[in-house]
**Student:** 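Encoded as structure tokens, here's the structure I'll be asking about.
Side chains are part of it too, since the values below use all heavy atoms of this structure and drop only hydrogens, waters and symmetry mates.
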Amino acid sequence: MWNTTLCYIERQGQYLMLHRVKKENDINKDKWIGIGGKFEDKESPEECLVREVREETGLTLTDYTYRGLVTFVSDRWVTEYMHLFTARTEQADFIDCDEGDLEWVDKDKVKDLPIWTGDKIFLDLLNQDVPFFSLKLSYVGDTLVEAVLNGKAIRTEV
């Protein structure tokens, strides 16, 4: 099992998105995702978040909100517990990332990018300012087959 963080950093109506095109054997290959990564030993979710954002973008987060826990279940990959955050920044510039290409994307255009189907569900929850939530997403291959929000099944068509 993996513990990871993912953060959607907002600036002027845009999210900083990472197009995952540089790593070999990447579960997120060619997808657009927020910023984050795997926990290191003895890290809290917040410590992992701040470190991963600094490593991948060069940005230093000082103001962020823990929004939810997303459990990914897959027939191909180990179960992942993703700690989901949002943050704001006024900084526009970022460093080159060795995992992909960073780009500011209008929030209303993010769901038009090649993203995981389940990401559309939690992006909607973030945009609706839903308080802390628990979301379980089950995949067979790249197909979302089940979504459970706070213990109750929801539609998987998005």
Side-chain angles (χ1 to χ4, degrees), residues 1-11 13-20 23 25-41 43-53 55-57 59 61 63-89 97 99-100 102-158:
M1 144 181 55
W2 292 333
N3 273 288
T4 64
T5 57
L6 188 69
C7 187
Y8 286 88
I9 302 170
E10 184 179 349
R11 180 184 160 273
Q14 297 180 314
Y15 281 141
L16 184 57
M17 299 295 292
L18 176 59
H19 189 199
R20 298 288 295 247
K23 283 176 66 176
N25 301 317
D26 187 352
I27 188 173
N28 293 302
K29 180 141 180 67
D30 296 325
K31 301 273 194 231
W32 290 79
I33 64 171
I35 311 302
K38 293 180 188 168
F39 280 40
E40 290 183 354
D41 187 39
E43 276 187 324
S44 70
E46 294 81 5
E47 290 167 331
C48 179
L49 167 73
V50 170
R51 177 185 53 77
E52 285 286 347
V53 167
E55 288 175 0
E56 292 183 2
T57 70
L59 301 174
L61 290 184
D63 184 25
Y64 48 83
T65 304
Y66 194 169
R67 301 295 301 275
L69 178 65
V70 181
T71 304
F72 288 101
V73 178
S74 168
D75 64 335
R76 293 185 188 168
W77 306 97
V78 65
T79 298
E80 176 182 348
Y81 296 103
M82 184 184 75
H83 303 263
L84 184 62
F85 291 83
T86 54
R88 294 186 188 281
T89 187
C97 179
E99 296 185 7
L102 292 165
E103 184 177 325
W104 290 105
V105 177
D106 291 339
K107 286 172 63 173
D108 62 351
K109 304 282 190 231
V110 169
K111 287 174 41 177
D112 297 333
L113 299 171
I115 64 175
W116 291 100
T117 304
D119 291 13
K120 294 176 183 182
I121 296 171
F122 64 71
L123 283 164
D124 282 343
L125 295 169
L126 295 178
N127 290 333
Q128 296 166 22
D129 274 333
V130 171
F132 192 89
F133 57 87
S134 175
L135 178 65
K136 179 181 178 185
L137 302 170
S138 299
Y139 284 88
V140 173
D142 289 346
T143 303
L144 181 65
V145 296
E146 179 186 45
V148 178
L149 178 61
N150 298 326
K152 296 181 180 156
I154 60 175
R155 289 187 19 238
T156 56
E157 301 85 35
V158 181

**Student:** Answer yes when Asp129 and Arg67 have at least one side-chain N-carboxylate O distance shorter than 4.0 Å, and no when they do not.
**Tutor:** yes
**Student:** So, the side chain of Glu52 versus the backbone of Leu49: is there a donor-acceptor pair under 3.5 Å, distance only?
**Tutor:** no
**Student:** Between Glu55 and Arg51, does at least one N-O distance fall below 4.0 Å, as a salt bridge requires?
**Tutor:**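 Looking at Arg51 together with Glu55, the answer is yes, because their closest N to O distance falls below 4.0 Å.
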**Student:** Using a 3.5 Å distance criterion without hydrogens, assess whether the side chain of Glu43 forms a donor-acceptor pair with backbone atoms of Glu40.
**Tutor:** yes
**Student:** Taking the six-membered ring of Trp32 as reference, does the NZ or CZ atom of Arg20 fall below 6.0 Å from its centre and within a 45° cone about the axis?
**Tutor:**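 Geometry flag: not set, cation outside 6.0 Å or 45°.
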**Student:** So, does Asn3 use its side chain to make a donor-acceptor pair with the main chain of Phe39 at under 3.5 Å?
**Tutor:**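 Answer holds: no.
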**Student:** For Trp2 and Trp77, take the angle between the two ring planes, folded into 0 to 90°, and tell me which bin it lands in: parallel under 30, tilted 30 to 60, perpendicular over 60.
**Tutor:**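 Tilted, since the angle between the ring planes falls between 30° and 60°.
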**Student:** Write down the atom of Glu80, the atom of Thr4, and the distance for their closest heavy-atom approach.
**Tutor:**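 Shortest heavy-atom separation between Glu80 and Thr4 comes out as OE2-OG1, 2.6 Å.
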**Student:** Counting the benzene-type ring for Trp, do Phe85 and Tyr8 have ring centres under 6.0 Å apart?
**Tutor:**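 Aromatic pair excluded; centres sit 6.0 Å or further apart.
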**Student:** Roughly how far apart are Leu123 CG and Asp108 CG, rounded to 0.5 Å?
**Tutor:**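 Going from the CG atom of Leu123 to the CG atom of Asp108 covers 12.0 Å.
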**Student:** Could you walk me through whether Tyr15 and Asp106 pass the side-chain contact (heavy atoms from CB on, under 4.5 Å) test, one step at a time?
**Tutor:** CA-CA 6 Å; Tyr15 281 141; Asp106 291 339; over 6 Å; no
**Student:** Where do Lys31 and Asp119 land on the salt bridge (Lys or Arg N to Asp or Glu O under 4.0 Å) test, with the steps shown first?
**Tutor:** CA-CA 11 Å; Lys31 301 273 194 231; Asp119 291 13; over 6 Å; no
